[in-house]
Amino acid sequence: MEQEQQQLNELLMIRRRKLEELRNRGVEPFGQKFEADYYSADIIGNFDTLESREVTVAGRLISIRSHGKAAFAHLQDYRGQIQIYLRQDQVGEEQYEIFDFVDIGDFIGVVGDVFKTRKGEVTVNVKKYTYLAKALRPLPEKWHGLKDIELRYRQRYVDLIVNEEVKQTFIDRSRIISAMRELLNEWGFLEVETPIMQTIAGGALARPFVTHHNALDIKLFLRIATELHLKRLLVGGLDKVYEIGRIFRNEGISTIHNPEFTSVEIYQNYADYEDMMKITENLVCQIAQKVFGTGKISFQGKEVDLTPPWPRETMIDVVRKYSGVDFSQISDDQSAFEAARKAGLELDKGLPWGEVLYLFFEEFCEEQLLDPIFVTEFPIEVSPLAKKLPSDPRLTLRFEGFIAGWEIANAFTELNDPIDQRERFEQQLGKREAGDDEAHVMDNDFINALEHGMPPAGGLGIGIDRLVMLLTDNISIRDVILFPTLKPRAGGE
RNA sequence: GGGCCAUUAGCUCAGUUGGCAGAGCACCUGACUUUUAAUCAGGGUGUCCUAGGUUCGAAUCCUAGAUGGCUCACCA
C-alpha cells in the first residue's frame, strides 16, 4: 500500500490531495443515491418547455472553463452532454470555493435553471451541486480521445467514456439482440437454456476448452455449439425452440474470431431448411428495420440490401460461377483432385469429391459473396448433422447465408435418422483417429434421443457477433465485444 | 505458429547522422462573472516496453524477450 502510494505520479497525487481537502472541509467526495429528473439530451431537446424551469441532472464532468468568479463546464451522462454554469453569487462563496477541488472526470449532480447562453447553448445555471464520485485518474486528451487500440480493449470503461461511437455500437448490439428475441418470441419460438459445461462437446467442428469439476472429479468441456441439446428438446416435443448464448472455441484469435462468442440457434419441428432460409432473411432484415429503421444498410461504404428474398444458389453453381469448374460434370474423387490441381489448389491426394468441392468454394467464392445470398447443397463430408439430398446422397439439405463475404448463418434440414447419424459420427471418429482433433466425437445419448424419434426439422445457427459487425459497420470482432480476449500483460493486470 | 509493423509524459504524437528528452492537450501557480478546442502570464511532470550487448556516448545500432496491430497459416 505504501509502496503503491510512492509509485503514484504527480497527477494522481494531486487528485488524492484534493480528495483529502474535500473531506477536511466536510464534503464527502463519494456521494449517495442521486435522483436526476432529466437526461442531458432531454433538456436540450425540450428547451422550449423547460426554459427557466428547475432541473436536476447528474453526470461526469468532461470539461471545465473557469473564469474567476464564474465557471462553465460540460456534464456527460448516458444520453449526451450538457453545459452547466456556476456563479459565485448563485451557489454561494463556500460552494464556489469547493468547486476548485473538482476535476475533469468527477461525477456530480446539479440542480439549476435552464437557460441559453449568448451563443445559444442550452445550459443549466447551477444553484446547488453535490459530489457523487471523485475520479482519481485523469481522462484521455479531449479532442484526440483514446486511440491506442490495446488500451481501448484493456480499459474498455475509458473507451466508453471518451468514444461516443463505441458506446453507440454496444447500445446497438443490445438492441439487435433484443429485437431478435422479440421477433422469435412473436413467431412462437420458446427460448431455452442448455448446458454450457458438458461431458461431450459436440455440434460443431472445433476444439473445446477443458475444465474440471472437483466434487465429481470429471473433465468437463465448455460447449462449442448448442445444437445437440436443442435437438434433444425437439425429441422431447418442444416444437420451436431457440437459444441465444455464449459459445467457446479453443482456436486462434483474429479480426473475425474471438474464443468466446455469441450465437443463436433456432430449431423447428416439421420444418426444413427452406423454412430456415425464410427465417434467416426475415430475421436479419426485420432486426435492421427495428433497430435502424431500414432494411438497407451501409457496410464499409457499400450499400447492402437485406430485403427478402435473398437469392438461393447451389454450391456447385456458385463454384462454377467463380472458378469456372463445373462439379456437376465431375463425378469421381480422382477427377475432382485433378481439377483442383489444375486450378492451382494444394491438397492431399485421396480427398473425397465433396471435400474438394468445398475447398473450391472456400478458395474461390466465399469472399466474393458480398450481397446477401444463400449457398445451398453442401457436401456430406463437411455436414455430419444434415440430412442428405434425396436425389444425390453426396450432398445435404444445408445452406449458409453470406453477406459481405462473411458466413452469417448456417442451417440444415436436420438429420433425424439415428442409424445414418451413427454412421456419420463413426466417419468423424475415423477422421479423429487420423489426427483431426476438431472432428466430431461420438455422442451416444444424442443417438439414443434420435432413436426415440425426432420429427423432420429445420435448424439454423447465426453468429451474433458477425451480424452485429455487419449491422454496425465494424470490421473487427473486438469492436463488438465489450471485453475481447487478450493476453494478460506481463506483471498481471 | 510464420512474416511485417508499432511501443517515447496521464492522452495524442514529434525526435535529424548515435551527442543534455520534445510539442499540443491534460495538470500546477496566478488573473478573469455568458465561456465553449475560453483567453492571458508562468511551470516539464519521463523505467524512451523489458533485459543484455556494441560504443567515449544509445530513445536511436545489435540480440533476446513482452504486449498490441496487420497479414499468412489455423478456424465452417
Side-chain angles (χ1 to χ4, degrees), chain A residues 7-15 17-18 62-74 81-91 96 100 103-105 115-123 125 135-155 158-159 161-162 203-207 224-225 249-259 261 263 346 355 358-359 361-362 366 375 378-379 381-386 398-402 406-412 436-438 461 463 466 475-476 478 484 486-491 493:
Chain A
Q7 284 171 358
L8 294 176
N9 71 28
E10 195 191 342
L11 287 175
L12 305 191
M13 287 304 297
I14 288 163
R15 288 186 177 228
R17 276 205 298 274
K18 289 182 181 174
I62 51 159
S63 66
I64 300 172
R65 293 172 296 284
S66 167
H67 295 257
K69 295 190 170 61
F72 287 90
H74 273 94
Q81 297 161 8
I82 190 163
Q83 181 166 263
I84 62 171
Y85 179 46
L86 241 89
R87 292 168 62 114
Q88 191 190 54
D89 56 13
Q90 178 83 251
V91 297
Y96 195 79
D100 270 350
D103 283 302
I104 290 175
F115 75 106
K116 250 185 199 170
T117 61
R118 277 183 204 149
K119 291 273 177 69
E121 179 161 358
V122 177
T123 302
N125 188 3
L136 296 178
R137 288 177 183 274
L139 287 179
E141 201 243 4
K142 67 180 168 191
W143 69 80
H144 293 101
L146 182 66
K147 287 191 171 163
D148 186 296
I149 291 178
E150 185 178 354
L151 267 183
R152 286 187 43 227
Y153 297 148
R154 288 196 194 278
Q155 303 187 24
V158 179
D159 192 26
I161 293 167
V162 298
L205 309 177
R207 268 189 298 269
I224 56 173
R249 294 188 184 172
N250 207 339
E251 291 160 357
I253 295 177
S254 77
T255 47
I256 50 169
H257 298 90
N258 195 62
F261 61 100
S263 79
E346 283 184 27
E355 298 220 22
Y358 187 61
L359 199 61
F361 176 67
E362 286 182 311
E366 278 194 5
V375 177
F378 277 54
E381 291 87 351
V382 296
S383 314
L385 300 163
R398 171 182 176 188
F399 74 82
E400 285 187 353
F402 283 85
W406 291 337
E407 176 206 332
I408 290 292
N410 176 24
F412 15 100
D436 180 356
D437 54 2
E438 279 152 15
R466 287 195 199 167
I475 52 167
S476 170
R478 298 182 199 96
L486 296 174
K487 265 198 199 180
R489 308 220 62 169
E493 205 171 290

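Below, chain A is the first sequence line, B the second, and so on; all start at residue 1. Treat the numbers as computed from the prediction; the structure is a model and nothing was measured.
Taking 3.5 Å as the limit, the base of B:rU36 and the side chain of A:Ser63 contain no donor-acceptor pair of atoms between them. On a pure distance criterion of 3.5 Å, no polar donor-acceptor pair joins the side chain of A:Gln90 and the base of B:rU33. Judged by atom type and distance alone, A:Gln88 does not reach the base of B:rU33 through any side-chain donor-acceptor pair under 3.5 Å. Applying the 3.5 Å distance criterion, the base of B:rU34 shares no donor-acceptor pair with the side chain of A:Arg118.
A:Gln155 has its CD atom 17 Å from the P atom of B:rU67, to the nearest Å. Here the C1' atom of nucleotide B:rC70 and the OH atom of A:Tyr153 are 12 Å apart, to the nearest Å. Here B:rC32 presents its P atom at 10 Å from OH of A:Tyr96, a figure rounded to the nearest Å.
Rounded to whole Å, the separation between the C1' atoms of B:rA21 and B:rC62 comes to 23 Å. With both ends at atom P, the span from B:rG43 to B:rC5 equals 41 Å, rounded to whole Å. Taking atom P on both B:rC13 and B:rU17, the two are 23 Å apart, rounded to the nearest angstrom. B:rG46 and B:rU8 have their P atoms separated by 15 Å, given to the nearest Å.
Surrounding CG of A:Leu486 are more than 12 heavy atoms belonging to other residues, nucleotides or ligands, all under 6.0 Å away.
Every residue two or more places apart in sequence or in another chain that forms a side chain to side chain donor-acceptor pair (under 3.5 Å) with A:Tyr153 is listed here: A:Asp479.
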Nucleotide N/O to protein N/O under 3.5 Å, stretch nucleotides 48-51 of chain B:
none

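Counting only heavy atoms from C-beta outward, the side chains of A:His74 and A:Glu121 approach each other to under 4.5 Å. At a threshold of 4.5 Å between non-hydrogen side-chain atoms, the residues A:Val382 and A:Arg398 count as touching.
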Could you run through nucleotides 8-13 of chain B and give me one letter per nucleotide, 5' to 3': B if any protein heavy atom sits under 4.0 Å from the base, S if only the sugar-phosphate is that close, - if neither?
--BBSS

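Residue A:Ser66 is in base contact, counting any heavy-atom pair closer than 4.0 Å across all strands shown.
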